[in-house]
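A quick write-up on the structure given underneath.
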Amino acid sequence: MDIPDSFQEAFNELKARRGDCPGSDELLQYQQKSLPEEQLVKTKQHIDSCGLCDSIVTRLAQFDSAVTEKPKQSIPWMVTVRQFFLQPAVAYLVALALLYPAYVGIFRKPVIVEKITKAPAPPIQGVGSAQDFDLGEGTVQRGGSPSLAPVQVIRISAEEKFFILNFFVPVRPDRRYEMQIVDDKGEQITAGKVTSRDRLGNFSLVCTWELFPPDPYVLTIKELEQNSQQVHDEYFFRFTVQSKPVS
């Protein structure tokens, strides 16, 4: 292949201008910046116009950088942590911890645990300034005596027409509840069906003062089958009514 005269002339001119390529020792000294200043300038001008020498100097610089750069060392504690998490048993536990919330949210229904508590009695309309008395939670005595139930003291004056008894019995939706109040002679004062004011079992019973002269009384709550007279549980409350001076 013939090279055009114009290209050959330009190449010869460039070669004459840049001069002969320096030896390897001179290029190494240039890269290490150990040449005299005058020779350093001359060699730099040659390298700037000579792609071959520029490539050699670039490779020398890369070689020096690779030799002088210290290899990175792993921090011992990081290596230990990585080895710990790469153990199969630990990996399975980590995967289980990450997937468990999704398992609960998708495959399991939430379980609602409802704590049975005594709720404060709401105001009852139509009874004026009636006092509230808390009888507490009923004592279960299946067919037994109510004598183990604690006695609550109710103090009212003759001017008060009503008072309210609040008590708690855990209720079930498939049962009905009936109450009875008797005095210490066993005579019935009042009786009837009662309904909890909530679904837990908080009851409120409005009583007329005239029916309860100062005396001990027993309130019995019977839990019965919905459509029969079969009694499942009995809850007893004992209280005594006492007169208090008119203020």
Side-chain angles (χ1 to χ4, degrees), residues 1-123 134 136-137 166 168 170-174 196-202:
M1 180 177 179
D2 295 334
I3 300 176
D5 293 340
S6 59
F7 181 82
Q8 185 67 45
E9 291 176 0
F11 179 78
N12 293 335
E13 182 181 355
L14 177 62
K15 182 177 180 181
R17 185 172 58 184
R18 75 183 183 186
D20 295 333
C21 291
S24 58
D25 292 340
E26 185 177 346
L27 290 176
L28 180 60
Q29 292 176 3
Y30 170 82
Q31 193 275 329
Q32 294 178 349
K33 299 180 180 180
S34 60
L35 288 174
E37 184 176 355
E38 181 179 351
Q39 189 177 355
L40 179 66
V41 173
K42 181 179 178 181
T43 303
K44 182 178 185 307
Q45 290 176 350
H46 173 84
I47 292 174
D48 291 342
S49 60
C50 179
L52 179 60
C53 292
D54 182 69
S55 176
I56 294 174
V57 172
T58 301
R59 291 188 179 183
L60 287 173
Q62 293 175 348
F63 177 78
D64 284 351
S65 176
V67 171
T68 57
E69 183 180 0
K70 294 183 179 179
K72 295 182 179 180
Q73 297 181 353
S74 299
I75 302 176
W77 69 267
M78 292 181 64
V79 176
T80 304
V81 171
R82 182 177 64 182
Q83 292 176 348
F84 173 77
F85 280 100
L86 288 178
Q87 297 181 21
V90 177
Y92 284 131
L93 289 174
V94 172
L96 179 62
L98 294 175
L99 294 177
Y100 181 74
Y103 165 76
V104 173
I106 298 175
F107 297 103
R108 297 186 62 186
K109 294 181 178 179
V111 178
I112 299 176
V113 179
E114 182 176 36
K115 183 180 179 181
I116 298 179
T117 57
K118 292 171 59 179
D134 187 7
E137 186 172 348
N166 298 311
F168 179 82
V171 297
R172 290 186 283 182
D174 58 340
S196 172
R197 66 174 188 265
D198 55 27
R199 60 193 181 95
L200 299 178
N202 291 288

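These numbers come from a predicted model, not from an experiment.
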**Fill in**
When every non-hydrogen atom of Arg199 is compared with those of Val171, the smallest separation belongs to O-CG2, 3.6 Å

**Message:** Minimum heavy-atom separation for Phe168 and Asn202, please, with both atom names.
**Reply:** CD1-OD1, 3.4 Å

**Set of side chain to side chain contact (heavy atoms under 4.5 Å, CB included) partners for Lys42, sequence neighbours left out** =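 Lys42 satisfies side chain to side chain contact (heavy atoms under 4.5 Å, CB included) with no other residue.
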
**Item:** Heavy-atom side-chain contact between Asn166 and Arg197 under 4.5 Å
**Value:** yes

**side chain to side chain donor-acceptor pair (under 3.5 Å) partners of Thr58, counting only residues at least two apart** =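 If we apply the side chain to side chain donor-acceptor pair (under 3.5 Å) test to Thr58, skipping adjacent residues, there are no hits.
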
